[in-house]
Protein chains: 2
Amino acid sequence: MGDVNSTRTGTGTGTGMGMGSGAASAPGGGGPTGANLGAVRSHNAALVLGLLRDAGADGISRLELAERTGLTPQAVSKITARLREEGFAAQAGLRASTGGKPRTVLRLVPEAGHAVGVHLDRDELRVVLVDLDGAVVGERRAGLDLGAGAESVLGTVAGAVEGLVGDGLGLDDDGLAGVGTLLGVGVALPGPLDHTSGVLHRMTGFPEWDGFALRDVLGARLGVPVVVDKDTNAAALGLSAGGEGGSFAYLHLGTGLGAGLVIGGRVHRGPRTGAGEFGHQVIQLDGPPCECGDRGCVEALCLAAVGRGEPAEAARVLGVAAANLVGLLDIDVVLLGGRTITGEPDVFVRGVGEVLDARARREGALGAEVPVRVAAGGERAVAEGAAQLLLRPLFGRGDA
Amino acid sequence: MGDVNSTRTGTGTGTGMGMGSGAASAPGGGGPTGANLGAVRSHNAALVLGLLRDAGADGISRLELAERTGLTPQAVSKITARLREEGFAAQAGLRASTGGKPRTVLRLVPEAGHAVGVHLDRDELRVVLVDLDGAVVGERRAGLDLGAGAESVLGTVAGAVEGLVGDGLGLDDDGLAGVGTLLGVGVALPGPLDHTSGVLHRMTGFPEWDGFALRDVLGARLGVPVVVDKDTNAAALGLSAGGEGGSFAYLHLGTGLGAGLVIGGRVHRGPRTGAGEFGHQVIQLDGPPCECGDRGCVEALCLAAVGRGEPAEAARVLGVAAANLVGLLDIDVVLLGGRTITGEPDVFVRGVGEVLDARARREGALGAEVPVRVAAGGERAVAEGAAQLLLRPLFGRGDA
DNA sequence: GCACTTTGGCAACAGCGTTGCGAAAGTGGA
DNA sequence: TCCACTTTCGCAACGCTGTTGCCAAAGTGC
């Protein structure tokens, strides 16, 4: 259990090839890979599972699944039969008849799988346990000093994770590896890292973490799969899973200014997880120096305005940078988050919105209005998004 | 002939579903679709065909294809047998033996398919005929006045296309529709449009084209599939097909300033083909007014510097905007093109490069150097890229 | 000349979604 | 109350996919 895509053949097939995913683990290293029957099976199963999740407590009927996937009803019946057998789906009542046999409604069984999300911030640790639906079923918080050294930090993290999972799901002799429904642990933290290898790079102020193979070290210690990503990416992923569709940018204004980009439902990280460096976008040529060494960066301008007690000006500056991004990527929504935003949400939403509206008016009919909202989820958003790093692959949106 | 993915079943299957493509034509409208065996077949066939193309004249052996795709050698044998039967692939000699039977080398048969690329510029028309390899086998040019009305412009385009195809491949009684190996016509033109529907929007200076359904009208007139895209996107697509891998930005500096973005080998257009609006990125808060109505846009600053006879300053300004883009998207290369660039290529390559290098130095080890080059292809690049709009789907990179 | 290695095709196979058909479970009119 | 009709959905047979087992072909090297 615990693996939706488990093949029963046992021989050869089911090599877990991504279909057109591009960045999946490829035999030849790099390029897109071939599709075999095992891949078809898991692709379709994941698709159905994703639709079941999106349907939520209301559930969805087999025929609706067939319409949405383009598969025949019979294929959906087979797939859902397997999912029910494996415990991931269950019947949930009947629809009203429309003149014939009423449709049976299927729903996801959230307890069939769990994931842990870890938000590793500079001074705080937050760990959540979520079910397949993404609902938080347990949480732990602890103070943390990222500068206290790897052993100390990893100990705190491992302790919190094991404690949380033990309370929520129960630990057997094998530790976390023995918890059947636990898919793994997602870790989100600030600053430069490589999400494909899970290796950290020189975090500002914490040089001792440079080159630390967080994914592998923590994975070995816990005995379950570990995935690592930037905090802004995790937040964006959480928003995406939380119903925010299409393409959007999550702008985080706290002690710094960063962005998480979701393009076509997938988090865009770039080949080196470097994408989303929004804060050091230059919007004032030869402007005031920024601590990064450049001049006229949004982050410097924006935070300076905040420091001067001029949030409206900060919002305007942020809006200009957001408008640049909207034009460059043609995204649908801008979501704002972070402590500075939550301090005065209305000022920032209005200020950024005004700049974007002015841009849309200049564009005319084509330039659709790009709404600005405060990101949902609050303080727990990053940890929940980190858990989605494990859940997402189950639901058909492989690498995002 | 002419359709690699033709199914022989004739019933039901082969609905042309994309696998995980996300933006493919979906039954339920929108979401990703289910995969059936026909989809597997065309996916793998396209993959193999793409590798054959990439191998060029050197060719590639079955076992190498198997390694690169992750498929078994036997599957590759079956697939290549079909491709050979259909005329898309052929044997091309033997490798040196490594102690056993020497590998037989396969190569693409470029003449098995052709596509037309049309570059519709404000004052000029350029039409190219290319083979499966992307090699230009015919070209026509003509003066053009976009303001002369749809009938006149379409007549000129249709005439040039039919003449070119007639010369190159021969026309029978059915016109273009009867030319077996012709896949279709790709049209690239400046300014706002919707590439999914092929409808134009208010082009600056040519209001009469607003809302014109270019794809459908020209498609009906020519009797072959027509695809429409922005000129910068086509140029980027051409560069991508021309060997430029990974993620890059093509910056075009001519009468205006625009960009084509390739992310992970796919052209990023955004949901409304609005992505790549690079020129009206604001890099000087409250700077000099731009004709778009905003202030401090790169385009205005850059072109003003060019007008003042200060190309180095123009290059620096362009570099700052390029650095913003590099940081936001974490791309690998910046390619420059357009008449203003080709006038003084060295100045711009150096000027932009200096800004990007300075950025990389600030980033430290992680911030990989982002090289700057003049885009290959020259004046014909956009037309060739337009033809790739038809060729690309054959080779496994579906919607890009 | 013979043993060995490597390539790649033929045939049998397992597993995928699809099709044909029928049972189950409702509605609604006679 | 009965019966015709509609709609859902599972069973069985089917066609197609890539996979596996096996063997002929075509080289190398002792």
Side-chain angles (χ1 to χ4, degrees), chain A residues 5-15 17 19 27 33-48 60-67 69-82 84-85 91 93-106, chain B residues 5-17 19 27 33-48 60-67 69-82 84-85 89 91 93-106:
Chain A
N5 305 331
S6 65
T7 58
R8 264 181 289 260
T9 68
T11 56
T13 161
T15 47
M17 297 176 193
M19 281 177 159
T33 68
N36 56 19
L37 294 164
V40 171
R41 175 178 170 148
S42 45
H43 174 85
N44 289 344
L47 220 55
V48 169
I60 185 171
S61 73
R62 288 179 181 79
L63 281 161
E64 284 176 275
L65 288 170
E67 277 174 36
T69 57
L71 298 171
T72 60
Q74 195 51 236
V76 172
S77 272
K78 279 193 181 179
I79 293 165
T80 54
R82 280 197 299 265
R84 276 175 19 191
E85 209 171 292
Q91 300 211 182
L94 300 174
R95 280 276 155 75
S97 167
T98 60
K101 179 174 176 179
R103 303 183 173 185
T104 50
V105 178
L106 302 172
Chain B
N5 304 332
S6 65
T7 58
R8 263 181 288 260
T9 66
T11 56
T13 162
T15 46
M17 297 177 195
M19 280 175 160
T33 69
N36 57 20
L37 293 164
V40 170
R41 176 180 171 146
S42 44
H43 174 86
N44 289 345
L47 219 56
V48 169
I60 185 170
S61 72
R62 288 179 181 77
L63 280 158
E64 284 175 275
L65 288 170
E67 278 173 35
T69 57
L71 297 171
T72 59
Q74 194 52 235
V76 171
S77 273
K78 279 192 181 179
I79 292 165
T80 55
R82 280 199 299 263
R84 277 176 16 192
E85 208 170 295
Q91 299 210 181
L94 300 173
R95 280 278 154 74
S97 167
T98 60
K101 178 176 178 178
R103 303 183 174 186
T104 49
V105 178
L106 302 173

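Please read all numbers here as calculations on a predicted model, not as lab measurements. Just so it is clear: chains get the letters A, B, ... in the order the sequence lines come, proteins before strands, and each one is counted from 1. Below, each value reflects all heavy atoms present in this structure, side chains not excepted, and no hydrogens, waters or symmetry copies.
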To the nearest Å, how far apart are [X] [atom1] and [N] [atom2]?
X       : N      : atom1 : atom2 : value
A:Leu71 : C:dT19 : CG    : P     : 12 Å
B:Arg95 : C:dT5  : CZ    : C1'   : 18 Å
A:Leu65 : D:dC9  : CG    : P     : 10 Å
A:Ile79 : D:dC9  : CD1   : P     : 15 Å
A:Arg82 : C:dG15 : CZ    : P     : 11 Å
A:Asn44 : C:dG15 : CG    : P     : 17 Å

### Message
Quick check for you: among D:dT20, C:dC16, C:dT18, whose closest atom lies nearest to any side-chain atom of A:Arg41?
### Response
C:dC16
## Note on the structure
Result for 5'-nearest mapping on DNA chain C, choosing between A:Val76 and A:Leu94, is A:Val76
### Query
Counting N and O atoms only, with roles assigned by atom type, does the side chain of B:His43 sit under 3.5 Å from a partner on the main chain of A:Thr33, one being a donor and the other an acceptor?
yes
So do [Y] and [X] actually touch side chain to side chain, heavy atoms under 4.5 Å?
X        : Y       : value
B:Leu65  : B:Thr80 : yes
A:Asn44  : A:Thr69 : no
B:Val105 : B:Ile60 : no

Collect all protein-nucleotide pairs involving nucleotides 7-9 of chain C in which both atoms are nitrogen or oxygen and the distance is under 3.5 Å.
from  : atom 1 : to       : atom 2 : distance (Å)
C:dT7 : OP1    : B:Arg103 : NE     : 2.6
C:dT7 : OP1    : B:Arg103 : NH2    : 2.8
C:dT7 : O4'    : B:Lys101 : O      : 3.3
C:dG8 : OP1    : B:Thr104 : N      : 2.6
C:dG8 : OP1    : B:Thr104 : OG1    : 2.4
C:dG9 : OP1    : B:Arg62  : NH2    : 3.2
C:dG9 : OP2    : B:Ser77  : OG     : 2.6
C:dG9 : N7     : B:Gln74  : NE2    : 3.0

### Message
Please determine whether side chain to side chain contact (heavy atoms under 4.5 Å, CB included) holds for the pair B:Ile79 and B:Leu71, giving the CA-CA distance in whole Å, both sets of side-chain angles, and the decisive distance to 0.1 Å.
### Response
CA-CA 10 Å; B:Ile79 292 165; B:Leu71 297 171; 3.9 Å; yes
### Summary
Residue set satisfying side chain to side chain contact (heavy atoms under 4.5 Å, CB included) with A:Ser61, at least two apart, ordered chain then number -> A:Leu63, A:Glu64, A:Arg95, A:Arg103
